[in-house]
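What follows is a single structure, written as structure tokens, with notes after it.
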Amino acid sequence: QVQLVESGGGLVQPGGSLRLSCAGSGSSFSIYGMAWYRQAPGNEREWIASITRGGGTTYADSVKGRFATTRDNAKNTVYLQMNNLKVEDTAVYYCKSFGGAWGQGTQVTVSS
């Protein structure tokens with residue numbers, strides 16, 4: 001099974017940008033679509049973006065136009081570029097393979 005490791009979280013001011021990475025192990029990484037989720041304190045985990053193995057993308061309305069996900073199958077990595085961040089984007093961000101594997105999560109805090 002694919003194992004996933006996220007990185008790139010941190011503290012950023014409102015209006016700023018961050019890029020998250022999700023690195024996968026195993027030769028089967030490229031056959032799966034991938035998704036991004038986030039979970040804010042006291043809230044349920046919510047889906048925010050998906051990317052198919054061919055690169056097709058879909059987004060939740062809450063992030064559409066601000067976030068973009070891409071993938072580099074040669075590097076077994078998926079990215080989430082987050083622009084114009086808002087305080088309400090503060091959460092732990094997770095990547096997930098359509099094959100079922102989850103990453104460990106990375107904290108994103110948006111605060112002035």
Side-chain angles (χ1 to χ4, degrees):
Q1 185 175 355
V2 172
Q3 293 184 318
L4 304 172
V5 178
E6 294 124 346
S7 60
L11 173 65
V12 64
Q13 292 185 342
S17 298
L18 281 175
R19 189 177 80 156
L20 306 183
S21 299
C22 173
S25 63
S27 59
S28 61
F29 177 87
S30 63
I31 71 172
Y32 293 117
M34 298 289 294
W36 291 93
Y37 291 74
R38 67 185 181 187
Q39 187 167 19
N43 290 357
E44 294 186 352
R45 193 171 298 187
E46 64 168 339
W47 167 82
I48 57 171
S50 293
I51 184 166
T52 67
R53 62 181 182 177
T57 57
T58 54
Y59 300 96
D61 288 343
S62 58
V63 305
K64 195 175 296 182
R66 300 187 299 122
F67 291 11
T69 185
T70 58
R71 68 188 298 160
D72 185 339
N73 289 334
K75 295 182 178 180
N76 279 5
T77 302
V78 176
Y79 304 97
L80 183 68
Q81 177 66 43
M82 307 185 293
N83 299 325
N84 190 21
L85 283 160
K86 304 176 181 181
V87 171
E88 52 264 40
D89 294 319
T90 296
V92 178
Y93 284 71
Y94 300 87
C95 61
K96 179 183 183 293
S97 166
F98 285 9
W102 286 89
Q104 84 286 0
T106 186
Q107 177 71 46
V108 172
T109 302
V110 185
S111 175
S112 56

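Because the structure is predicted, anything quoted here is derived from the model rather than measured. Counting begins at 1 with the first residue of the sequence.
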Exercise. Ignoring hydrogens and angles, tell me if any N or O in the side chain of Thr52 forms a donor-acceptor pair with the backbone of Gly56 under 3.5 Å.
Key: yes
Quiz item: Same cluster or not: are Leu80 and Val12 linked, directly or through other Ile, Leu, Val, Met, Phe, Trp or Tyr residues, by side-chain heavy atoms under 4.5 angstrom apart?
Solution: yes
Exercise. Compare every heavy atom of Val108 with every heavy atom of Gly9, then report the nearest pair and how far apart it is.
Key: CA-CG2, 4.2 Å
Self-check item: Whether Ser50 side chain and Thr57 backbone form a donor-acceptor pair below 3.5 Å
Solution: no
Practice problem: Check whether any side-chain N or O of Thr77 sits under 3.5 Å from a backbone N or O of Asp72 as a donor-acceptor pair, and report yes or no. | Solution: no
Self-check item: Non-hydrogen atoms of Ala49 and Thr69 that approach each other most closely
Solution: CB-CG2, 4.3 Å
Quiz item: Which pair of non-hydrogen atoms, one from Gly24 and one from Leu4, has the smallest distance, and what is that distance?
Solution: CA-CD2, 3.8 Å
Exercise. Answer whether the closest heavy-atom distance between the side chains of Val92 and Thr106 falls below 4.5 Å.
Key: no
Quiz prompt | Heavy-atom pair of closest approach, residues Met34 and Ser97 | solution = SD-CA, 3.5 Å
Self-check item: Centroid-centroid under 6.0 Å between Tyr37 and Trp102 rings
Solution: yes
Quiz item: Less than 4.5 Å apart, any side-chain heavy atom of Ser111 and any of Leu11?
Solution: yes
Quiz item: According to a 4.5 Å side-chain heavy-atom criterion applied to Ile, Leu, Val, Met, Phe, Trp and Tyr, with indirect links allowed, do Val63 and Trp47 form part of one hydrophobic cluster?
Solution: no
Exercise. Quick one: closest heavy-atom pair of Asn83 and Ser17, and the distance?
Key: OD1-OG, 3.0 Å
Exercise. Examine Val2 and Phe98 and state if one hydrophobic cluster contains both, with Ile, Leu, Val, Met, Phe, Trp and Tyr joined whenever side-chain heavy atoms are less than 4.5 Å apart.
Key: no
Quiz item: Can any side-chain N or O of Thr90 pair as donor or acceptor with the backbone N or O of Val110 at less than 3.5 Å?
Solution: yes
Quiz prompt | Any side-chain heavy-atom pair of Phe67 and Ile48 under 4.5 Å | solution = yes
Quiz prompt | Least distance between heavy atoms, Arg71 atom then Tyr32 atom | solution = NH1-O, 2.8 Å
Quiz item: Quick one: are Met82 and Arg66 in side-chain contact, heavy atoms under 4.5 Å?
Solution: no
Self-check item: Gly105 backbone acceptor or donor facing Glu6 side chain under 3.5 Å
Solution: yes
Quiz item: Do you see a donor-acceptor pair shorter than 3.5 Å between the side chains of Tyr79 and Arg19?
Solution: no
Self-check item: Side-chain touch Arg38/Ser62, heavy atoms, less than 4.5 angstrom
Solution: yes
Quiz item: What distance separates Ser112 OG from Gln13 CD, expressed to the nearest 0.5 Å?
Solution: 7.0 Å
Quiz item: For the side chain of Gln39 and the backbone of Ala91, is there at least one donor-acceptor N/O pair under 3.5 Å apart?
Solution: no
Quiz item: More than 12 non-hydrogen atoms from neighbouring residues, nucleotides or ligands closer than 6.0 Å to CD on Glu88, yes or no?
Solution: yes
Quiz item: Does any N or O in the side chain of Asp89 come within less than 3.5 Å of the main-chain N or O of Lys86, such that one atom is a donor and the other an acceptor?
Solution: yes
Quiz item: CH2/Trp36 to OH/Tyr94 distance, rounded to the nearest 0.5 angstrom?
Solution: 12.5 Å
Exercise. Please check if Leu18 and Val87 belong to a single hydrophobic cluster, counting links between Ile, Leu, Val, Met, Phe, Trp and Tyr side chain heavy atoms closer than 4.5 Å.
Key: no
